[in-house]
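In what follows, chains carry the letters A, B, and so on, assigned in the order in which the sequence lines appear, proteins first and then strands, with residues in each chain numbered from 1.
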There are 2 protein chains.
Amino acid sequence: MRADARENYERLLVVARDVVAEHGADASLRDVARKAGVGLGTLYRHFPTREALLEALLRTHVDELTARAAEREVSSTDALLTWFRDCVTLNHEYRGVGATLTAALEDSESALHNSCVALHDIGARLLDRAQAEGAARTDIDGTDLFALVAALAWIYDQPSLAPRADHLFDVISSAVLPS
Amino acid sequence: MRADARENYERLLVVARDVVAEHGADASLRDVARKAGVGLGTLYRHFPTREALLEALLRTHVDELTARAAEREVSSTDALLTWFRDCVTLNHEYRGVGATLTAALEDSESALHNSCVALHDIGARLLDRAQAEGAARTDIDGTDLFALVAALAWIYDQPSLAPRADHLFDVISSAVLPS
DNA sequence: ACCTGAACACCGTTCAAGT
DNA sequence: ACCTGAACACCGTTCAAGT
C-alpha cells in the first residue's frame, strides 16, 4: 500500500470512530469521507461496504477484549462476569453494532471473523470452567452467551429501556450464574 | 374525516402491513404511498412521521394480544408463558419494531401508548400471580419482562442468531420461571 | 377538506477523469 | 496506484397548486 493510501486509510478509521460513536452503525458514510477530508471514492476504495468499515473499526476493540481476558487471573466466575460485562460494553460503545459483531462470528468471510472467534473462544472456555464447577447453568454454550451479550447491548441502546439495562444485566447474568 | 380520506387511510395501513412485513420498520415510505396508489403528501397527512405509521399499524396487533390474554383461563404460569411467547412473536412479525413497542410503553404521547400499557399490565398481573405462587423470580417486574421480550425478538431478527433463538427463549423464560 | 407531485436536501454507489 | 467528485438512482420531508 502506498504511503498516502495508508494515511487515508488510517484517517478514515479515526474519523469513523467518532462519527459512528455519535451516530451509530448507520452513520452517513459521506459524512465520514467529508470529515476525513477525503474523496468519497477513496472511502469506497478502502471499505467497499459499510460492513467492511465497521469490521475494521471493531477489530481493534475486539482484540483488545480478548487480550484483556487472556491475562486475567481471578476466580473463574469473576473472569466470566468481567468478560460478559466487557462484551456488552463494547457492543454498546457504538450504537447498533451488535448485528455486525454477531454476524461476524458465523461469517468466515468477515474481516472481523477471527477476532470474534477468539473473543468467543475465551468466553466459552471461562463458561466451561464455570460449568465444570457447577457455578454456571449447563444448557448454554459460548455462542448463546454471545447472543445474550448482543441482546443486552440492544437493551442499553434503547432510550426507554436504558434505565433498567443494568438491572437486566444482573438478571441475565444471575440466570447464567445462579449464585 | 371525509369518506375518501378514510379510504386512503385504510388502504395505506393495509399496504404498510405488507411492506413493513417484508422490509422491516425502516421500509421506504415512498414505496408504501406508491403501492397504495396515493400521493406522497397524503401519506404524510395521515401519518406525519414514520413512527405514527408504525404505531397505527401495531395498535391492532397489540390490542389483539391483550384480548387474547384476557380471556385465557389456564394455570397462571402457562398463561404467563403464552403471553411471553405471543409478545415475542408480535415483536418479530415486523423486523425492527421492538424499539417502537418499547418506546410506546413509556411515551404517553404515542398513539400506541394505551395499547402497550394494557398489554403490559396484563402481563404484569400474570407475573404477580406467578411470583405470589413462588413460581417466578421476584426481582423483575412487568416492564423488565417487556424489555426481555423485545431483546428476544431482536435475537430472532438476526439471521446469524435465529437458529438459536428458540433455545434462548427457553433459557430466558426458564430464568423467569425456574421450574 | 383533501389530494397531488414537484422541489429540496440528503443519501449510497459507481466510474470516468485526473495526478 | 491512487484519488476525486460528478452522476445516478434512491430517500424523507415540505408545500404550492389543484379539485
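- Counting only residues at least two apart or in different chains, ring pair (Phe, Tyr, Trp, His ring centres under 6.0 Å) contacts with residues 53-72 of chain B comprise B:His61-B:Tyr94.
- Side chains of B:Glu55 and B:Ser110: a donor-acceptor N/O pair is present below 3.5 angstrom, by distance only.
- Residue contacts shown for B:Leu40 include a base, since a base heavy atom lies under 4.0 Å away.
- Where A:Arg34 and B:Asp4 meet DNA chain C, the nucleotide closest to each residue was compared, and B:Asp4 sits on the side nearer the 5' end.
- Between the CZ atom of A:Arg30 and the C1' atom of D:dT4 there is a distance of 13 Å, rounded to whole Å.
- In this structure, B:Asn8 does not reach the C:dC2 phosphate: none of its side-chain N or O atoms is under 4.0 Å from OP1 or OP2.
- Comparing C:dG12, C:dC2, D:dT13 against the side chain of B:Tyr44 picks out D:dT13 as the nearest.
- Between A:His46 and D:dC3 there is a side-chain N or O to OP1 or OP2 distance below 4.0 Å.
- The side chain of B:Ser28 places an N or O atom within less than 4.0 Å of a non-bridging phosphate oxygen (OP1 or OP2) of D:dG12.
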Verify side chain to side chain contact (heavy atoms under 4.5 Å, CB included) between A:Phe84 and A:Leu80, making sure each step is shown before the conclusion.
CA-CA 6 Å; A:Phe84 199 63; A:Leu80 180 57; 5.6 Å; no
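- Nucleotide C:dA1 forms a pair with D:dT19, judged by Watson-Crick or G-U wobble geometry with both contacts under 3.5 Å.
- Across all strands shown, D:dT14 forms a Watson-Crick or G-U wobble pair with C:dA6, both key distances being under 3.5 Å.
- The nearest whole Å value for the distance from the CD atom in A:Glu7 to the C1' atom in D:dC2 is 13 Å.
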